[in-house]
Amino acid sequence: QLRESGGGLVQAGESLRLSCAVSGSIFTFRTGTMTWHRQTPGNQRALVALSLADGATQYADSVKGRFTISRDNTNNTVYLQMNSLQPEDTGVYYCALGTAFWGQGTQVTVSS
């Protein structure tokens, strides 16, 4: 089970930190790939950030230098630190463990 939190309404230039707590799949969390995705109305979910078990990370070009994905294997939680938020960052953010496990999503709204 994955549960996201930390979304909200902010102004452009501000920051948010999303959290995704994983339960019930501890071994898979520690050895699996964690990702954050963003979905906007009428569009498919798009990959925002990825964290491999070996610590490697990847980011969508639109968020490089502003977003940071990190994982805490002690608390089985993955984070997405989002700085310098822009209106185009608005959407529902989902975390995923591999391809099979998804959270319910958390809304991020950035006003201009």
Side-chain angles (χ1 to χ4, degrees):
Q1 183 178 5
L2 283 68
R3 186 177 72 252
E4 301 99 335
S5 60
L9 171 63
V10 297
Q11 293 187 334
E14 294 184 340
S15 299
L16 280 174
R17 189 177 79 155
L18 305 183
S19 300
C20 174
V22 179
S23 60
S25 305
I26 305 307
F27 177 76
T28 304
F29 171 82
R30 295 178 181 175
T31 62
T33 298
M34 295 296 303
T35 53
W36 284 98
H37 303 252
R38 177 173 63 222
Q39 187 170 27
T40 54
N43 295 304
Q44 294 183 335
R45 295 178 188 178
L47 179 66
V48 172
L50 175 152
S51 169
L52 299 177
D54 65 2
T57 58
Q58 296 178 19
Y59 299 93
D61 288 342
S62 62
V63 307
K64 283 181 182 177
R66 300 188 298 121
F67 289 14
T68 302
I69 187 171
S70 60
R71 57 201 299 165
D72 181 347
N73 287 339
T74 300
N75 295 314
N76 301 314
T77 301
V78 63
Y79 302 98
L80 186 67
Q81 177 68 42
M82 306 186 295
N83 298 330
S84 302
L85 282 161
Q86 300 301 316
E88 53 265 33
D89 296 320
T90 294
V92 179
Y93 283 73
Y94 297 88
C95 67
L97 170 56
T99 59
F101 303 101
W102 291 82
Q104 81 288 348
T106 186
Q107 176 71 45
V108 172
T109 303
V110 185
S111 63
S112 58

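In what follows, residues are counted from 1 in the order of the sequence shown. What you see below is based on every heavy atom in this structure, not just the backbone, and it leaves out hydrogens, waters and symmetry mates.
Using a 4.5 Å heavy-atom threshold, the side chains of Val108 and Asp89 count as separate. Side-chain atoms of Glu4 and Leu18, non-hydrogen and from C-beta on, never get closer than 4.5 Å to each other. Side-chain contact check for Val78 versus Trp36: some heavy-atom pair is nearer than 4.5 Å.
At a threshold of 4.5 Å between side-chain heavy atoms, the hydrophobic network of Ile, Leu, Val, Met, Phe, Trp and Tyr places Leu2 and Leu80 in one connected group. There is no path of hydrophobic side-chain contacts, each under 4.5 Å, that joins Leu50 to Ile69. By the rule that hydrophobic residues join a cluster once side-chain heavy atoms approach within less than 4.5 Å of another member, Tyr93 and Val10 end up as members of one cluster.
For the atom pair Gln44 CD and Gln39 CD, the distance stands at 8.5 Å (nearest 0.5 Å). For the atom pair CE (Met34) and CG (Leu52), the distance works out to 12.0 Å, reported to the nearest 0.5 Å. Here the NE2-CH2 distance, from His37 to Trp102, works out to 3.5 Å after rounding to the nearest 0.5 Å. Here the straight-line distance linking atom CE of Met82 with atom CZ of Arg66 works out to 9.5 Å at 0.5 Å rounding. Leu97 contributes atom CG, which lies 11.0 Å from atom OG of Ser51 (distance to the nearest 0.5 angstrom). For the atom pair CD of Gln11 and OG of Ser111, the computed distance is 5.0 Å after rounding to the nearest 0.5 Å.
Nearest approach of Asn43 to Thr40, heavy atoms of both residues: ND2-OG1, 2.7 Å. The shortest non-hydrogen separation linking Ser84 to Ser15 is N-OG, 4.2 Å. Of all the heavy atoms in Gln107 and Gly91, the pair that sits closest is NE2-O, 3.4 Å.
Here side-chain hydrogen bond (donor to acceptor under 3.5 Å, both in side chains) pairs that include residues 54-64, with residues two or more places apart or in two chains, are Asp61-Lys64.
With Leu16 as reference, Leu85 is the one residue of Asn83, Leu85, Leu9 to meet the side-chain contact (heavy atoms from CB on, under 4.5 Å) rule.
Remark: the backbone N or O of Tyr79 is not paired with any side-chain donor or acceptor of Arg17 at under 3.5 angstrom.
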